Amino acid sequence: MPISPLTSIPAFPSEQLNYKEYNIDNYNNILLEFDKKINDSTNISLKQKIEFNNEIIGLINEIKKLHDSHLESSEKNNENFIAELQILKIKFGMVAIKYADTDWESFGLSEEIFKNNHQFLNSHLCRLSLDEQQRQNITDNDINQVWYCCLYNFAYELAHNKVAPPADKNHTKYHTEYYSIVDKLKAENLPEDKIFAIANARSALILCRDSFVTESPKDNALFYSTKGS
């Protein structure tokens with residue numbers, strides 16, 4: 001379920017915006033570098049993925065802070081500047097989601113980013129027309145496709161590797177479902193390691209199922225392998 005390659009920024013006619021704290025080329029180069037790494041490599045270690053994801057989230061917070069400060073300013077002719085920041089924030093969020101199939105904490109943060117991107121695109125603060133969203137590959141549908149990939153990839157991680165249980169039981173509905181499974185298994189007096197292994201497998205089944213929206217997962221190998229858990 002690949003998404004379209006991220007396009008370069010700026011998206012609007014170039015203006016010589018002289019903001020010392022902001023270099024659009026630097027942000028864009030970092031964005032494209034992270035996107036290329038995750039799209040081209042199949043052997044990024046789990047540790048590297050988590051580190052990269054943390055870096056990306058730090059950049060999202062940095063861009064959001066810059067965006068919000070200029071949105072509140074009375075400076076004239078900064079509409080394009082704000083729009084460019086909005087594109088960057090959404091695209092960095094989409095790349096962060098690609099790196100989030102590692103553990104429950106990263107996955108939970110990615111769901112927050114996914115929801116925030118949707119809410120922002122449909123809010124009065126968004127300065128991006130639908131045409132511009134389509135040109136930049138950041139429509140609601142584009143964001144959904146990245147999220148569905150994350151669901152599937154994290155399902156694979158849960159099914160094939162020993163992923164530690166989530167620290168927060170209520171971070172997302174998936175965290176809550178995980179501990180609902182755990183509580184039911186505890187009543188059967190099973191060993192703890194077996195309980196968590198089964199909970200991972202059953203959570204993988206749920207995530208895999210949810211990643212298929214327009215088609216049935218019944219013939220998918222991952223879905224089939226976890227269905228009997």
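Given the structure is predicted, the values throughout are model-derived calculations rather than measurements.
- By the 30° and 60° cut-offs, the orientation of the rings of Tyr99 relative to Phe52 is perpendicular.
- In plain terms, the two heavy atoms of Ser203 and Leu158 that are nearest each other are CB-CD1, 4.0 Å.
- Shown here for Ile63 and Leu88, the closest heavy-atom pair between the two residues is CD1-CB, 4.1 Å.
- Between the side chain of Ser106 and the backbone N or O of Asp103, no donor-acceptor pair lies under 3.5 Å.
- By the 30° and 60° cut-offs, the orientation of the rings of His67 relative to Phe120 is perpendicular.
- Looking only at distances, no side-chain donor or acceptor of Gln48 sits under 3.5 Å from a matching main-chain atom of Asn43.
- When all heavy atoms are compared, the tightest approach of Ile56 to Ala96 is CG2-CB, 3.6 Å.
- Partners of Asp101 by side chain to side chain donor-acceptor pair (under 3.5 Å), not counting sequence neighbours, listed by chain and number: Lys49.
- With sequence neighbours left out, Tyr174 forms a side chain to side chain donor-acceptor pair (under 3.5 Å) with Asp210.
- Ring pair Phe196/Tyr178 is parallel by interplanar angle, where below 30° counts as parallel and above 60° as perpendicular.
- Side-chain N or O atoms of Tyr27 include none that pairs as donor or acceptor with a backbone N or O of Leu85 at under 3.5 Å.
- Remark: side-chain polar atoms of Asn53 are not paired, donor with acceptor, to backbone N or O of Ile50 under 3.5 angstrom.
- Between the side chain of Glu105 and the backbone N or O of Ala167, at least one donor-acceptor pair lies under 3.5 Å.
- The closest donor-acceptor contact from the side chain of Gln133 to the backbone of Leu128 lies under 3.5 Å.
- Formation of a donor-acceptor pair under 3.5 Å by the His175 side chain with backbone atoms of His171 is not found in this model.
- A continuous path of hydrophobic side-chain contacts links Val213 to Leu151 [ILVMFWY only; heavy atoms under 4.5 Å].
- Residues satisfying the side chain to side chain donor-acceptor pair (under 3.5 Å) criterion with Asn144, sequence neighbours excluded, are His118.
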